[in-house]
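First listed ligand is number 1; within each ligand, the first listed atom is number 1. Scope of the values below: all heavy atoms of this structure, side chains included, with no hydrogens, waters or symmetry mates. Sequence positions, counted from 1, serve as the residue numbers for this chain.
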Amino acid sequence: MLKVRKAVFPAAGLGTRFLPATKAMPKEMLPLVDKPIIQYGVEEALAAGCDQIVIVTGRGKTAIEDHFDVSYELEKMLEEKGKTELLAIVHHISDMIHVAYVRQKEALGLGHAVLMARELVGNEPFAVLLADDVIDAAIPCLKQMIDVYEATQCSVIATQVVEGPAISAYGVLDAKPVEGKFHGRLFEVSNMVEKPRMEDAPSNLAIIGRYVLTPRIFEALERTPLGAGGELQLTDAIRLLLQHEKVYGYCFEGKRHDTGDKAGFLKATVEFALKRPDLGEDLRIWLKGLKL
Ligand code: UTP
């Protein structure tokens, strides 16, 4: 059985919801407390057993490459000043992994970004992580999904229950529960609907930014016509994949933060900071003092 070793991070989007912060800086580099959001995703992928990271970048994204690269000047300076703790943090990032980069020359959609990774992924199952979905979980979300992949040998889409009108902001699964080992969390997908009106939504299972995909998705992507917004949509390709293979939705255990959205980003910042031993206590006292 082929293992899921490769994790693809599409990071070539324009990040328009976060302008002007993202005019010259990729949104993936926005810090949650003191760590860029993409590093949370990369650490999750490593913890899930992936040892090869592929980042799909575009124009103006060199900060991401610099972040995972060795910074000799910075390391030398920290060493000379005896700042060993900071040196270890900086070392840890560049030591972490081998990262490969591929360019998406034009932002033609998430599906197109995934297709750019085809040569680097080859003929094996792989993961896709959207960095702005930061997931706080006891067992890394991607690890939970790879467990499902290993049991089913099929593509797996992360899903979460979203109640009420908020469902209209998501891709939504048309799916039925599967009995057995993952009972209650596993769903067999029959279709997907992109951003439906609440009354048209086939379920309350929203698609979240984690996927485990079989390599057959690349053929499907090649056959997929441009969809909503003139972009190549990953969900359209998964719908084609469904004609040949089963696809599952998995309702992961953990809390997802949508950091691609300003309000979601602010809430995540506060929640992550409150959990930090070096910041939480002070912040809690200060927040209580705000008398909202
Ligand atoms: P989003 O829908 O969040 O778009 O993309 P965006 O451009 O990043 O941000 P907004 O909505 O304009 O603020 C979902 C994911 O797909 C990647 C993005 O980088 C993000 O991780 N993406 C999207 C690409 O890599 N290429 C594309 O052409 C489109």
Q: Nearest protein heavy-atom contact for atom 26 (N) of ligand 1: which residue, which atom, what distance?
A: Gln104 OE1, 2.7 Å
Q: Closest non-hydrogen protein atom to atom 12 (O) of ligand 1, residue and atom name please, with distance?
A: Thr16 OG1, 2.5 Å
Q: Establish whether atom 5 (O) of ligand 1 and some protein heavy atom are separated by less than 4.0 angstrom.
A: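 No, because not a single protein heavy atom sits under 4.0 Å from atom 5 (O) of ligand 1.
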Q: For atom 14 (C) of ligand 1, what is the nearest protein heavy atom, given as residue, atom name and distance?
A: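 Residue, atom and distance for the closest contact: Leu130 CD1, 4.1 Å.
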Q: For Pro10 and Val114, work out which heavy atoms get closest and say how close.
A: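 That closest heavy-atom pairing would be CG-CG2, 4.3 Å.
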Q: Any N or O on Gly13 sitting closer than 3.5 Å to an N or O of ligand 1?
A: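 Yes - when backbone and side-chain N and O of Gly13 are compared with those of ligand 1, one distance drops under 3.5 Å.
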Q: Closest non-hydrogen protein atom to atom 7 (O) of ligand 1, residue and atom name please, with distance?
A: Leu14 N, 2.8 Å
Q: Which atom pair, heavy atoms only, marks the closest approach of Met29 to Ile38?
A: SD-CG2, 4.4 Å
Q: What protein heavy atom sits nearest atom 9 (O) of ligand 1, and how far off is it?
A: Lys27 NZ, 3.1 Å
Q: What are the atoms of ligand 1, with element, lying closer than 4.0 Å to any heavy atom of Asp132?
A: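 Close to Asp132: 3 (O).
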Q: Any nitrogen or oxygen of Gly15, side chain or backbone, less than 3.5 Å from one on ligand 1?
A: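 Right, the criterion is met.
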Q: Contact between ligand 1 and Ala131 is defined here as a heavy atom of the residue under 4.0 Å from a ligand atom; is it met?
A: no
Q: Only heavy atoms of Ala107, strictly under 4.0 Å: list the atoms of ligand 1 that pass.
A: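 It comes down to these atoms of ligand 1: 28 (O).
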Q: At what distance is the nearest protein heavy atom to atom 16 (O) of ligand 1, and which residue and atom is it?
A: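 Here the closest protein heavy atom is Leu110 CD1, 3.5 Å.
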Q: Are Asp258 and Lys267 ion-paired here, with the side-chain N under 4.0 Å from a carboxylate O?
A: no
Q: Give the residue and atom name of whichever protein heavy atom lies nearest to atom 25 (O) of ligand 1, and the separation in Å to one decimal.
A: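 Looking at atom 25 (O) of ligand 1, the protein heavy atom closest to it is Ala12 N, 2.9 Å.
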Q: Polar contacts were defined as any N/O atom of the residue lying under 3.5 Å from an N/O atom of the ligand; does this apply to Leu108 and ligand 1?
A: yes
Q: Is Glu43 salt-bridged to Lys35, going by a charged N under 4.0 Å from an acidic O?
A: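 So Glu43 pairs with Lys35 through a salt bridge.
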Q: Output yes when Lys275 and Asp136 qualify as a salt bridge under the 4.0 Å nitrogen-oxygen rule, no when they do not.
A: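 So Lys275 pairs with Asp136 through a salt bridge.
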Q: With a cut-off of 4.0 Å, which atoms of ligand 1 are near a heavy atom of Ala113?
A: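 Those atoms are 24 (C), 25 (O), 26 (N).
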Q: Passes side chain to side chain contact (heavy atoms under 4.5 Å, CB included), Ile55 versus Phe68? Steps please.
A: CA-CA 11 Å; Ile55 303 183; Phe68 290 109; 4.0 Å; yes
Q: Do Val193 and Asp174 touch side chain to side chain, with heavy atoms closer than 4.5 Å?
A: no
Q: Looking only at heavy atoms, is any part of His112 under 4.0 Å from ligand 1, and if so is it the side chain, the backbone, or both, or is it neither?
A: neither
Q: State whether Glu150 and Lys3 are salt-bridged, where the test is any N-O pair (Lys NZ or Arg NE/NH1/NH2 against Asp/Glu carboxylate O) under 4.0 Å.
A: yes
Q: Identify, by atom number and element, the atoms of ligand 1 in contact range of Glu28, meaning under 4.0 Å from any of its heavy atoms.
A: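 Result: 19 (O).
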Q: On a heavy-atom basis, I'd like to know which of Gly109, Gly260, Pro10, Gly209 is closest to atom 29 (C) of ligand 1.
A: Gly109
Q: Would you please say whether a donor-acceptor pair under 3.5 Å links the side chains of Glu231 and His112?
A: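 Glu231 vs His112: no donor-acceptor pair found between side chains.
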Q: Tell me, which protein residue and heavy-atom name are nearest atom 13 (O) of ligand 1, and how many Å apart are they?
A: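 Of the protein heavy atoms, Arg17 N, 2.7 Å lies nearest.
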Q: Does the plane of the ring in Tyr40 sit parallel, tilted or perpendicular to the ring in Phe272? Use 30° and 60° as the thresholds.
A: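 Judged by the thresholds at 30° and 60°, the geometry between Tyr40 and Phe272 is perpendicular.
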Q: Hey, could you give me the CZ/CG distance between Arg256 and Asp132, rounded to the nearest 0.5 Å?
A: 8.5 Å
Q: Any chance the rings of Phe126 and Phe218 have centres within less than 6.0 Å?
A: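 Ring-ring flag for Phe126/Phe218: true, centres closer than 6.0 Å.
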